[in-house]
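This report concerns only the one structure given below.
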Number of protein chains: 2
Amino acid sequence: MTNMTSHIHCQNCSMAALCLPYQLDQEGMARLDTIIQRHKPIQKRDILVHAGAPLKFLYAVRSGSLKSYTIDDNGVEQIIDFHLPGDVIGFDGLSENEHRSYTQALETSMLCEIPITALDELAEQMPGLRRQLWRLMSGEIFTSKQLLGTLNNRTAQQRVAHFLVTLAERFKERGLSSRSYRLTMTRADIGNYLGLSVETISRILSNLQQEGVIEVQNKLVEIIEPLRLREMAQ
Amino acid sequence: MTNMTSHIHCQNCSMAALCLPYQLDQEGMARLDTIIQRHKPIQKRDILVHAGAPLKFLYAVRSGSLKSYTIDDNGVEQIIDFHLPGDVIGFDGLSENEHRSYTQALETSMLCEIPITALDELAEQMPGLRRQLWRLMSGEIFTSKQLLGTLNNRTAQQRVAHFLVTLAERFKERGLSSRSYRLTMTRADIGNYLGLSVETISRILSNLQQEGVIEVQNKLVEIIEPLRLREMAQ
DNA sequence: CGACGATTTGACTCTACTCAATGTGTGTGG
DNA sequence: CCACACACATTGAGTAGAGTCAAATCGTCG
């Protein structure tokens, strides 16, 4: 039997428009494809990278989802990101040549492995790739600063509403339903990320459901009134 | 009379180690220097860049300090960054080719203006410059995600202590005293940045002073017990 | 089927906010 | 150089939103 993953290439990956290949021509995509390794699937709870480990690869998410977190001086986990297909993991480590956070799978996930040195060489020759790398990093800078503003000066309800809206937008970009989706992270993860307690997350999801804005069934979320939810996020 | 600023070059700039020229050799620095314009000094309250304006230049701070902020849908200012000498402003705009935030001087400040297109061309030819650009962007990604973790799940006192410690570290990197410094931003700015009210900032600075950890005299801060302050930031 | 982790709900507490009043500094114009 | 005005900062009192603690229920994976 042939390797089932052997036919996966940037050229036919549905996430290409969000990922490194964005705006590359056929030849550029083919060149990028040659340096990329397909990583074996990782299982729920598996740790992809450890904070402090040397940064040899960036990883692009092909399917599934992951969370990144740091461990602070008190040994407390602090989630800094959730990764969906098309996201590139590891940019925060480039400055020190080592990973700055842990990244753990929230479900079985498939990844592409991109060697940094080969990527640098390719970026030298391909202005389009260089621009996309800048674009991705710049976007990450903006969204994390934006998030800062979203969390500061906002109530618990606004934060949760913002979280749900942002997830919906991200799913939509990925060709998935922005109306209903599955949360692969726990309530505790969401609370940690938003700076709220588990109980508060649970209560607010219940309230939003009672008000008819969303339907929640365990991990499944359905957004009944997208506009109202968006207003609540302000 | 000759232009007083004409003798300022990357080669003799004291901020070179923090800025774009880091780890470039003499020749590389000279090449970088040719594309950089010295911007005329900007005065307190002047706005350097407006959100939405096309991104033509990055700016490096040579002296002084600035704040960056967005205006949210409710017209409320949200400060996302304070810039000190050596910092590069504008990375968050690369993804959309326009500035994503406003940047305003907190005091009279001197800036270097770096044309993006020329920088891209130079980065193509100079691997060291490319690496430093990656390093700076990556560092910004890390610190803003780190800050997220610092603000979430932390009390007002921890946030303020963290803010003071971080400023001290940044002044130290810049060859200035990490023991005493002047806050160029108002208490309201600090509160906005940390997600706290002006009153809370004021009260906490008073408390820290009463406990003998710091001395505050208006804008002047002296850190009496750096270790204790650092502990309080945890 | 059983055990453990995740989630929900309730009761009480406390931190940081708001509102209000007063004090302090800075800068401008006469 | 001084006086006045305005922005900035401090301090106090009362309040509310989110945290903590506790207990019950639900789901999932051996």
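Residue numbers start from 1 in every chain, and the chains themselves are labelled A, B, ... in the order their sequence lines are given, proteins ahead of strands. Excluded from the calculations below are hydrogen atoms, water molecules and symmetry mates; all remaining heavy atoms, backbone and side chain alike, are included.
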### Task
Grab the CG-P distance between N207(B) and dT10(D) for me, whole Å please.
12 Å

Validation: residues 164-171 of chain A side-chain donor-acceptor distances under 3.5 Å, sequence neighbours left out:
unit_1  : atom_1 : unit_2  : atom_2 : d
T166(A) : OG1    : H162(A) : O      : 2.8
T166(A) : OG1    : H162(A) : NE2    : 3.3
E169(A) : OE2    : R230(A) : NH1    : 3.0
E169(A) : OE2    : R230(A) : NH2    : 3.4
R170(A) : NH1    : F82(A)  : O      : 3.3
R170(A) : NH2    : F82(A)  : O      : 3.0
R170(A) : NH2    : D87(A)  : OD2    : 2.6

### Query
Looking at five pairs on each end of the helix from dC1(C)-dG30(D) to dG30(C)-dC1(D), what is the angle between the two axes, given to 10 degrees?
50°

### Query
What is the distance, rounded to the nearest whole Å, between atom CZ of R187(B) and atom P of dT26(C)?
12 Å

### Message
Heavy atoms only, 4.0 Å cut-off, all strands: where does S202(A) land among base, sugar-phosphate and nothing?
### Response
base

### Message
Treating primed atoms plus P, OP1 and OP2 as sugar-phosphate and everything else as base, which nucleotides of nucleotides 14-30 of chain D get B, S or - for protein heavy atoms under 4.0 Å?
### Response
----SSBB-----S---

#### Entry: Any donor-acceptor pair under 3.5 Å from Q104(A) side chain to I47(A) backbone
no

### Query
Q209(A) CD to dT8(C) C1': how many Å, rounded?
12 Å

### Task
Write down the distance between CD (E107(B)) and C1' (dT26(C)), rounded to a whole number of angstrom.
16 Å

### Message
I'd like to know if the side chain of S68(A) reaches the main chain of T103(A), judged simply by a donor and an acceptor atom lying under 3.5 Å from each other, with no hydrogens or angles considered.
### Response
no

Could you run down the sub-3.5 Å N/O contacts of the protein with nucleotides 1-4 of chain C?
none

### Nucleotide dC8(D), atom P - distance to CG of L183(B) in whole Å
14 Å

### Task
Look at K40(B) together with D46(B) and state whether they make a salt bridge at an N to O cut-off of under 4.0 Å.
no

### Message
What is the distance, to the nearest angstrom, from the CG atom on D189(B) to the C1' atom on dA9(D)?
### Response
13 Å

#### Entry: Short side-chain to backbone donor-acceptor contact, R159(B) and L151(B), under 3.5 Å
yes

### Query
Is there a donor-acceptor pair under 3.5 Å between the side chain of R174(B) and the backbone N or O of P85(B)?
yes

### Message
Would you say K219(A) places a side-chain N or O within less than 4.0 Å of OP1 or OP2 belonging to dA6(C)?
### Response
no

### Query
With under 30° as parallel and over 60° as perpendicular, where do the rings of Y102(A) and Y69(A) fit, or are they tilted in between?
parallel

### Task
Send over the distance from R45(B) CZ to dG27(C) P, rounded to a whole Å.
8 Å

### Task
Ignoring hydrogens and angles, tell me if any N or O in the side chain of N152(A) forms a donor-acceptor pair with the backbone of Y193(B) under 3.5 Å.
yes

### Task
Using modelled atom types only, decide if a donor and an acceptor are shared between the side chain of S109(B) and the backbone of S65(B) within a distance under 3.5 Å.
yes

Side-chain donor-acceptor pairs of residues 214-225 of chain A under 3.5 Å, sequence neighbours excluded:
unit_1  : atom_1 : unit_2  : atom_2 : d
K219(A) : NZ     : M185(A) : O      : 3.2
E222(A) : OE2    : R179(A) : NH2    : 3.0
E225(A) : OE2    : R228(A) : NH1    : 2.9

### Message
Once side chain to side chain donor-acceptor pair (under 3.5 Å) is applied, do any residues pair with E77(B), and if so which ones, sequence neighbours excluded?
### Response
K67(B)

### Spacing of L106(B) atom CG relative to dC8(D) atom P, expressed in whole Å
12 Å

